[in-house]
Trainee: 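Structure below; questions to follow.
When a ligand or atom number is given, it counts from 1 through the structure's own listing order. Below, all heavy atoms of this structure are taken into account, side chains as well, without hydrogens, waters or symmetry copies.
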Amino acid sequence: MVEKIFRTNPYLDSCEAKITSIKEGTLTLDQTVFFAFSGGQESDAGTINDFPVKEAIAEGSEIYYVLGDGTDLHKGDGVVVNIDAEKRRKIMRLHSAAHLVYGIFSEQTGLKKLIGSNITSDKARIDFENETSIGEKLPEVEKEANGLIEAALPIRTYQDEKHPDKWWWECGNWKFPCGGTHTKSLGEIGKIKLKRKNIGAGKERIEITLEKE
Ligand SMILES: [Zn+2]
């Protein structure tokens, strides 16, 4: 299983690694800083030995990196993995923001069933099952979120004791299972904006964007 350095140190933008398998331009590594789409969080952008990663695929506990043809890499080769640091920082900020907004929203409205979430470097969205519009509640949720961001509450992420590939995000009284990449404080998120979208009968979406990119 690949060692996922992005979980222990999400701030690391580069690492050395060894190729543990390679087949038709797709390889696996012994360790990596490069996140692959899972849990609604988009993949990083980046390179392996300066070859652009076309796709990163998380499968079970493994990650497959698709480089395509013409790389001349072999099993056992040492490589350097680099990611787009700016993009990663935005994803980390929006990912922590998504947990925060979900936490506040559930507290203020009684828990609503989460039916999906998506985190990119542009915005985060969380989808709920809810019969009525949540539009009215958003300004209050936004205000509380920005207050806690200003208070810069610390965030703790840690490995599950029983399941090594399961991780937790914890802040204040909130604790959610998540293996994504997050900031280590709410303060790093900076001010956020919330927008409501109706995505069908009984379904509501909250969109989160960063006020300062
Ligand atoms: Zn998360």
Trainee: Closer than 2.8 Å to the Zn ion (ligand 1), which protein N, O or S atoms?
Mentor: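 Per the 2.8 Å query on the Zn ion (ligand 1), atoms found are His95 NE2, His99 NE2, Cys178 SG, His182 NE2.
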Trainee: Relative to the ring of His95, is the ring of His182 parallel (under 30°), tilted (30 to 60°) or perpendicular (over 60°)?
Mentor: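 Perpendicular: the ring planes of His182 and His95 meet at over 60°.
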Trainee: Assign the ring pair Phe128 / Phe105 to parallel, tilted or perpendicular, where the plane angle (0 to 90°) is split at 30° and 60°.
Mentor: tilted
Trainee: In plain terms, say whether Arg88 and Asp44 are close enough for a salt bridge, that is, a side-chain N and a carboxylate O under 4.0 Å apart.
Mentor: yes
Trainee: Tabulate below the donor-acceptor pairs under 3.5 Å that side-chain atoms of residues 52-69 make, not counting sequence neighbours, or state none.
Mentor:
unit_1: Tyr65; atom_1: OH; unit_2: Thr32; atom_2: OG1; d: 2.8
unit_1: Tyr65; atom_1: OH; unit_2: Phe34; atom_2: O; d: 2.7

Trainee: Is any NZ, NE, NH1 or NH2 atom of the basic residue among Lys87 and Asp13 found under 4.0 Å from an Asp or Glu carboxylate oxygen of the other?
Mentor: no
Trainee: If you measure from the Lys or Arg side-chain nitrogens to the Asp or Glu carboxylate oxygens, is any gap between Glu188 and Arg89 under 4.0 Å?
Mentor: no
